[in-house]
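Heads up, the thing below is written out as structure tokens.
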Amino acid sequence: MLDIKFIRENKDLVKKGVTDKQFDPSIVDEVLKVDEERKKLQLEVEELRSERNKVAKAGKPQPSEASRGKEIKENLKKLEPEFDKVDTKFLELLNQIPNLPLPNVPVGKNESENVEIKKVGEIRKLNFTPKDHLELGTKLGILDFETGAKVTGSQFYFLYGDGALLELALVQYAMELLSKEGFLPVITPDLAKSRFYLGTGYAPKGVEAQTYIVEGEDLGLIATAEVTLAGKHADEVIPENELPKKYIGYSHCFRQEAGAYGKYSKGMYRVHQFTKAEMFIYCKPEESEAMHQHILEMEEKIYQNLGLPYRVLEICTGDLGAMAARKYDIEAWMPGRNDYGEVTSTSNCTDYQARNLNIKYRKKDGKIEFVHMLNGTAIATSRTPLAILENYQNEDGSVTIPEVLRKWMGKEKVEKRNK
RNA sequence: GGUGAGGUCGCAUAGCGGACUAGUGCAGCGGUCUUGAAAACCGCCGUAGUCUUUUAAGGCUACCGUGGGUUCGAAUCCCACCCUCACCGCCA
């Protein structure tokens with residue numbers, strides 16, 4: 001959420017940001033209106049409580065005071081629920097105001113106005129018609145959606161042999177590279193309490209649209225390790241000298257993806273479960289822009305080393321979503337669709353998530369302030385293997401393994417298995 | 001899953017209905033002393049919200065695992081839940 005004080009004092013600025021994000025700016029006026037109501041009620045409640053405390057402090061049973069005390073109690077019994085109701089409504093509305101875009105973010109209505117900031121790598125010219133990853137993987141016997149559908153449901157898959165090894169190799173590659181860059185490798189739980197899968201904004205509006213929820217418990221399957229890594233420091237005050245904290249988290253990710261079908265969702269591009277190595281950084285406000293560039297650099301390094309052609313997009317205001325103040329996506333070339341497709345996304349959420357989760361840091365001078373929080377994909381297995389299969393395919397249907405992964409795969413090429 | 005013990009201010013502890021405006025110790029910050037340091041001594045030292053106010057400062061409210069309840073008054077009593085520790089059971 002945003003700081004209500006900031007909203008009170010910068011109404012027009014907030015409205016502009018909200019408008020640029022393609023949210024309805026009237027929400028800002030609504031919040032301020034309910035805020036006034038809330039403050040009024042709060043004052044009444046606090047005055048009553050103050051009197052109650054005085055009466056109580058006067059000591060023993062004095063008959064007249066006791067009856068006044070009873071009266072106050074009755075009044076509070078009516079007023080407090082009223083305040084709670086308004087307060088709840090206030091928070092609900094406040095949470096609907098998205099994070100504001102940073103000043104240099106390109107203004108645009110939707111994804112069509114995202115800005116391509118660079119293109120890297122050369123697209124291989126093939127002298128044969130490329131197959132898509134689904135056909136390649138299925139024929140190689142390493143990818144099996146049919147059994148996934150049988151056992152679990154549509155858009156789930158089994159990996160066999162080199163398919164399984166490729167996923168593990170990618171994760172190990174990313175973990176090794178990033179731990180050398182000062183990121184702490186973390187394996188997190190794959191489930192989290194609702195406070196965290198909601199508090200990180202993964203389901204702020206459509207709520208259950210993305211998240212699988214465990215019946216009878218306050219638990220859901222995480223959509224990304226961002227949820228657990230952000231929850232890790234909830235309600236903490238981090239000493240300044242421990243910042244920045246850099247994590248590379250490993251988890252499985254679960255998304256319902258309700259209604260998300262279509263030709264671009266084919267095969268591994270959009271699935272209900274995948275594995276991901278996710279970078280996550282907590283830092284001081286003044287260094288968050290630099291940290292964001294740092295994450296993007298790491299992502300580029302990974303895709304360069306994997307030898308995958310890609311482009312970098314700066315996401316425009318209208319496509320940022322609620323949490324991000326700035327966002328970059330990397331799209332890798334995917335011959336199967338003859339187009340680029342998203343493989344990573346890195347967001348600077350500034351202090352928006354930190355305010356939801358109450359994560360602060362103590363400065364050297366003793367002052368306490370909210371941290372900035374950033375996240376970025378290192379490897380999303382399903383989409384990265386997809387890009388590898390399609391870009392490294394040979395005419396005979398075999399797939400050459402990228403050099404950096406060979407030490408974990410123990411071979412240079414994936415070929416058809418008999419069994 | 002069962003039984004028992006426990007969750008109090010950064011840490012450690014006290015607290016068993018009205019002297020709690022949550023005490024004490026440690027750590028931290030400032031000072032005196034010292035060539036410097038240590039020690040000793042003195043002072044300061046939670047978070048959030050809100051009101052008065054230009055600021056500064058002060059007042060008020062809430063917070064003793066979480067949520068309810070009893071009472072004029074709850075850290076303290078009652079109920080439910082969560083977590084930690086120990087032992088037992090069950091399992092990779």
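Order of the sequence lines fixes the chain letters, A, B, ..., with proteins taken first and strands second; residue numbering starts at 1 for each chain.
- Protein atom CG of A/Asp35 is 12 Å distant from nucleotide atom P of B/G49, rounded to whole Å.
- For A/Tyr250, the ring-ring contact (aromatic ring centres under 6.0 Å, His included) partners two or more places apart in sequence, or in a different chain, are A/His252.
- With sequence neighbours excluded, the residues satisfying ring-ring contact (aromatic ring centres under 6.0 Å, His included) with A/Phe145 are A/Tyr157.
- Summarising the geometry, the separation between CD on A/Glu46 and C1' on B/U52 is reported as 14 Å, rounded to the nearest angstrom.
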Write down the protein N/O and nucleotide N/O pairs, taken from nucleotides 54-57 of chain B, whose separation is under 3.5 Å; answer none if there are no such pairs.
none

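- When both distances must be under 3.5 Å, the Watson-Crick or G-U wobble mate of B/C87 is B/G2.
- When heavy atoms are screened at a 4.0 angstrom cut-off, A/Arg8 is found touching the sugar-phosphate backbone but no base atom.
- When distances run from any side-chain atom of A/Gln42 to the nucleotides B/U47, B/G49, B/A62, the shortest one goes to B/G49.
- Proximity of a side-chain donor or acceptor of A/Thr384 to a complementary backbone N or O of A/Thr381 within less than 3.5 Å is not detected.
- Within the structure, ring-ring contact (aromatic ring centres under 6.0 Å, His included) pairs that include any residue of residues 281-301 of chain A comprise A/Phe183-A/His294, A/His233-A/Tyr282, A/Phe280-A/Tyr282, A/His292-A/Tyr328 (at least two apart or interchain).
- Between A/Arg38 and A/Asp84, it is A/Arg38 whose nearest contact on RNA chain B lies nearer the 5' terminus.
- In summary, the side chains of A/Asn394 and A/Thr400 do present a donor paired with an acceptor at a separation below 3.5 Å, with no hydrogens or angles considered.
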Please list every donor-acceptor pair under 3.5 Å in which a side-chain atom of residues 39-51 of chain A meets a protein atom from a residue at least two apart or in another chain.
{"unit_1": "A/Gln42", "atom_1": "NE2", "unit_2": "A/Glu46", "atom_2": "OE2", "d": "3.1"}
{"unit_1": "A/Arg49", "atom_1": "NH1", "unit_2": "A/Glu80", "atom_2": "OE2", "d": "2.7"}
{"unit_1": "A/Glu51", "atom_1": "OE1", "unit_2": "A/Arg68", "atom_2": "NH2", "d": "2.7"}
{"unit_1": "A/Glu51", "atom_1": "OE2", "unit_2": "A/Arg68", "atom_2": "NE", "d": "2.7"}
{"unit_1": "A/Glu51", "atom_1": "OE2", "unit_2": "A/Arg68", "atom_2": "NH2", "d": "2.9"}

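- Across B/C60, B/C51, B/A48, the shortest atom-to-atom separation from the side chain of A/Ser50 is found for B/C60.
- Taking atom CD on A/Glu47 and atom C1' on B/C51, their separation rounds to 9 Å, with Å as the unit.
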Give me the distances for all protein-to-nucleotides 74-85 of chain B N/O pairs that come in under 3.5 Å?
none

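- Put simply, A/Lys39 has no side-chain N or O that comes within less than 4.0 Å of OP1 or OP2 on B/G49.
- Here A/Lys40 lies out of heavy-atom contact (under 4.0 Å) with every strand.
- Nearer the 5' end of RNA chain B, as judged by each residue's closest nucleotide, is the contact made by A/Arg362, out of A/Arg362 and A/Glu51.
- Rounded to an integer number of Å, the gap from CD of A/Glu242 to P of B/G10 is 15 Å.
- Applying the side chain to side chain contact (heavy atoms under 4.5 Å, CB included) rule to A/Asp132 yields the partners A/Leu134, A/Glu135, A/Lys266, A/Glu390; only residues at least two apart in sequence or on another chain are considered.
- Atoms CD1 (A/Ile368) and P (B/G49) sit 11 Å apart, rounded to a whole Å.
- Residues passing the side chain to side chain contact (heavy atoms under 4.5 Å, CB included) test with A/Leu191 are A/Val214, A/Leu219, A/Leu221, sequence neighbours excluded.
- Regarding A/Lys367, its NZ atom lies at a distance of 17 Å from the C1' atom of B/A48, rounded to whole Å.
- Proximity note for A/Leu43 (side chain, C-beta onward) versus B/U47, B/U61, B/U50: the nearest is B/U50.
- The stretch residues 291-300 of chain A participates, sequence neighbours left out, in these salt bridge (charged side-chain N to carboxylate O under 4.0 Å, His left out) pairs: A/Lys118-A/Glu300.
- When each of B/A62, B/U47, B/G49 is scored by its nearest atom to the side-chain atoms of A/Lys5, the top-ranked nucleotide is B/G49.
- Remark: P of B/U61 and CD of A/Glu80 are 13 Å apart, rounded to the nearest angstrom.
- For the pair A/Glu369 CD and B/A48 P, the interatomic distance rounds to 11 Å; values are reported in whole Å.
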